[in-house]
Protein chains: 2
Amino acid sequence: MTLKRVAEIAGVSIATASRVLAGKGGAHRISEATVAAVTQAAEKIGFRHSHLARSLKSGQSALIGVVVPDVSNPFFAAIAREITLAAEAKGYSVLLADSREDDASERRLVQQLRDRHIEGLVVCPAGLKQDHLAAAQDAGLPLVVVDRGFADGDLLTVTSDHAQGARALAQVLLKAGHRHIGVLQGRPGTLVNDERLAAFKAALASDGVRLTAAHIAGDAFSEVSGRRAAATLLRAKPQITALFALSNQIALGALRAAAELGRVVPRDLSLATFDDLPHAEFMNPPLTTACQDVPALGRQAADLLFARLAGVPRPRTRLQRISVTVIERASVTAPSTRKATT
Amino acid sequence: MTLKRVAEIAGVSIATASRVLAGKGGAHRISEATVAAVTQAAEKIGFRHSHLARSLKSGQSALIGVVVPDVSNPFFAAIAREITLAAEAKGYSVLLADSREDDASERRLVQQLRDRHIEGLVVCPAGLKQDHLAAAQDAGLPLVVVDRGFADGDLLTVTSDHAQGARALAQVLLKAGHRHIGVLQGRPGTLVNDERLAAFKAALASDGVRLTAAHIAGDAFSEVSGRRAAATLLRAKPQITALFALSNQIALGALRAAAELGRVVPRDLSLATFDDLPHAEFMNPPLTTACQDVPALGRQAADLLFARLAGVPRPRTRLQRISVTVIERASVTAPSTRKATT
DNA sequence: ATGAAAGCGCTAACAA
DNA sequence: TTGTTAGCGCTTTCAT
């Protein structure tokens with residue numbers, strides 16, 4: 001099934017076969033008879049170009065890499081999908097890797113992808129370190145970071161407008177009359193966490209509500225962290241009437257913790273969250289969320305990457321923001337006067 | 001950054017550099033000095049083997065393909081993840097493709113992956129045709145179909161025990177006292193749909209409940225289909241007290257339709273579903289489902305594929321079943337006597 | 001203990 | 001209009 005075989009059958013040289021099959025018959029003024037012979041021979045043995053050989057020869061793999069912390073998380077899956085669809089449309093294939101939220105794995109995977117000659121990379125970093133990514137970029141690899149960016153450094157990043165979302169959610173809670181608010185944070189030190197937290201805090205402060213360290217708990221964007229943090233906060237500060245969960249997973253954990261402590265949402269406790277959950281509207285209760293436009297994140301990342309692959313220079317602004325939509329549902333109500341029991 | 005460069009720097013031949021870097025220094029009794037020189041040279045310029053060149057030479061790409069109808073669907077995402085993790089553990093990389101539930105796209109993508117010399121393929125088919133897959137398998141490509149199998153043919157398939165789940169769900173509905181039951185089916189002609197439907201029908205029949213064509217609606221495993229089908233059924237047969245949705249998406253559509261028709265689940269209408277939904281327990285109402293073990297589906301598919309890649313012969317039984325767990329939640333209750341209004 | 005050379009499948013510059 | 005040849009980066013026989 002090689003070009004050589006086709007050439008043999010057609011009784012021409014490999015070069016001629018190559019030219020014909022590349023559609024360059026006209027440009028090279030190859031005789032119709034030859035073209036026909038080659039075409040038929042190729043047809044007959046079901047010839048297909050070896051992408052491998054072509055890549056080696058041309059130096060172009062038409063491959064891009066996508067690295068996410070957890071493919072099965074609908075949030076990352078949606079991003080991966082947009083990139084995949086865009087790639088297919090542009091004639092690229094996608095190498096997918098799952099870092100399992102592990103920095104070391106991510107490093108390994110990125111290296112592995114580079115060894116495979118990817119022409120571009122989209123990554124949602126699992127950790128706080130970016131040197132391996134900076135190295136890749138410095139080595140000339142077009143790179144786009146998505147969702148989890150870094151506050152410093154020089155990596156082109158597509159992420160939501162976390163501050164906007166957090167502020168809006170703060171308004172919702174304040175408007176409802178909450179003054180004792182707890183925050184279930186994700187991983188401190190990450191841009192996503194810190195931006196959301198800072199903006200939320202600032203918004204509360206401008207309304208005279210102070211958010212002390214004692215009102216903040218949690219250490220990861222996970223359900224377990226959310227659950228533990230919620231339990232801690234609700235036990236230590238029973239006067240808390242509303243929780244702000246920095247992610248959907250955290251919110252789920254909060255719902256669990258609330259149920260375990262016998263606090264009914266939203267009757268005894270309001271809950272607002274940054275979301276990536278599909279079907280949040282069908283949840284019990286339907287969650288008030290700052291809804292990220294996940295497909296847009298993926299699409300924008302893909303667009304930026306393919307623009308760079310097409311030679312378009314990097315945009316000036318390093319952090320590309322996708323705006324967030326706050327959807328008010330039933331999980332936030334006015335604080336009840338009922339004294340919570342633990 | 002090529003072997004040639006390393007050889008130059010180390011002052012040895014390419015062959016020697018290759019041997020050293022392949023860790024075959026010992027086997028070839030290469031002098032320590034040479035080994036050191038090569039190693040240092042490689043280190044110095046950050047040498048990495050070109051996977052491309054290696055693949056071309058060896059004929060082994062260490063690449064597998066995964067094709068699913070929709071990467072962003074948590075069900076397929078979970079399957080893709082398990083395969084990805086297994087692949088990484090075995091030293092393979094994964095080429096991911098999204099067929100967008102489109103048969104023609106799938107064909108194209110499969111071909112594309114084959115052109116890239118994948119060594120194995122896992123696919124969840126989008127359509128009813130399997131000739132392109134059979135062709136790939138006949139061409140010697142190790143292939144595993146996951147979830148959506150075919151009733152006939154010879155493709156090794158990992159799928160849930162649909163009959164078992166459907167029977168169990170039928171029991172639940174019958175036990176609750178339902179006699180007027182509607183089925184919201186997925187795509188007729190697919191193994192998944194037909195097995196679930198047949199088993200459900202049979203289970204009802206053995207209890208004396210007849211399921212006529214007038215009690216069955218729907219044409220796709222999608223929310224829109226579920227919504228339309230539910231609306232149709234509930235309008236045409238208001239006496240229906242329970243619906244069986246053949247998938248989570250369909251169930252979501254059913255919930256919408258029920259809400260639109262003013263029927264409260266489960267008070268006015270019970271709902272049972274085949275599920276792949278995460279967080280079904282937090283839904284309103286929490287859904288009674290036949291819960292598929294999605295990670296197990298992916299894991300089993302990966303295991304079978306890598307076993308074949310390791311030379312283990314294909315198992316005798318073509319259809320590998322993963323058992324399903326019925327979880328009874330609040331969406332099924334005894335039928336109300338209240339006359340439904342449209 | 002090391003090197004020369006062939007070849008994996010393909011493309012393209014150069015010849016004819 | 002077609003063929004010869006070199007070479008992409010690597011591994012591996014076969015020499016030495």
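Throughout, a chain's letter reflects where its sequence line sits, starting with A, and its residues are numbered from 1.
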A.B. asks: How long is the line joining CG of A:Leu56 and P of D:dC10, in whole Å?
C.D. replies: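 Result: 9 Å.
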A.B. asks: By nearest heavy atom, map A:Arg48 and B:Ala17 onto DNA chain C; which one lands nearer the 5' end?
C.D. replies: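 Looking at DNA chain C, the more 5' nearest nucleotide goes with B:Ala17.
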A.B. asks: Think A:Ser31 has a side-chain N or O under 4.0 angstrom from the OP1 or OP2 of D:dT2?
C.D. replies: yes
A.B. asks: Given atom CD of A:Gln60 and atom P of C:dT11, what is their separation to the nearest angstrom?
C.D. replies: 13 Å
A.B. asks: Can you build the contact string for nucleotides 11-16 of chain D? Use B for base contact, S for sugar-phosphate-only contact, and - for no protein heavy atom under 4.0 Å.
C.D. replies: BBB---
A.B. asks: Testing B:Thr159, B:Ile322, B:Asp147 one by one against B:Gln292 for a side-chain contact (heavy atoms from CB on, under 4.5 Å), which residue passes?
C.D. replies: B:Asp147
A.B. asks: Could you tell me whether the side chains of B:Arg148 and B:Thr190 share a donor-acceptor contact shorter than 3.5 Å?
C.D. replies: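 The answer is no; no qualifying pair exists.
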A.B. asks: For A:Arg187, check side-chain hydrogen bond (donor to acceptor under 3.5 Å, both in side chains) against everything at least two apart and list the hits.
C.D. replies: none
A.B. asks: For the residue pair A:His117 / B:Ser50, report whether a side-chain donor-acceptor contact shorter than 3.5 Å exists.
C.D. replies: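 A pair is found: one side chain offers a donor N or O, the other an acceptor, under 3.5 Å apart.
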A.B. asks: Quick one: A:His51 NE2 to C:dC10 P, roughly how many Å, whole number?
C.D. replies: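 Answer to the nearest Å: 12 Å.
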A.B. asks: What's the CZ-P distance between A:Arg5 and C:dC8, to the nearest Å?
C.D. replies: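 Rounding to the nearest Å, CZ of A:Arg5 and P of C:dC8 are 14 Å apart.
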A.B. asks: Output the rounded distance in Å from CG (A:Leu52) to C1' (D:dG7).
C.D. replies: 16 Å
A.B. asks: Yes or no on salt bridge (Lys or Arg N to Asp or Glu O under 4.0 Å) for B:Arg299 and B:Asp303, after CA distance, side-chain angles and deciding distance?
C.D. replies: CA-CA 6 Å; B:Arg299 233 176 291 124; B:Asp303 285 352; over 6 Å; no
A.B. asks: Among the nucleotides D:dG3, C:dA1, C:dG9, which one has an atom lying closest to any side-chain atom of A:Ala53?
C.D. replies: C:dG9
A.B. asks: Just to verify, which of B:Arg316, B:Gln320, B:Arg314 counts as forming a side-chain contact (heavy atoms from CB on, under 4.5 Å) with B:Arg318?
C.D. replies: B:Arg314
A.B. asks: Nearest to the side chain of B:Thr34, which nucleotide is it out of C:dA1, D:dC10, D:dT2?
C.D. replies: C:dA1
A.B. asks: Could you tell me how far apart B:Lys4 (NZ) and C:dA4 (P) are, to the nearest whole angstrom?
C.D. replies: 13 Å
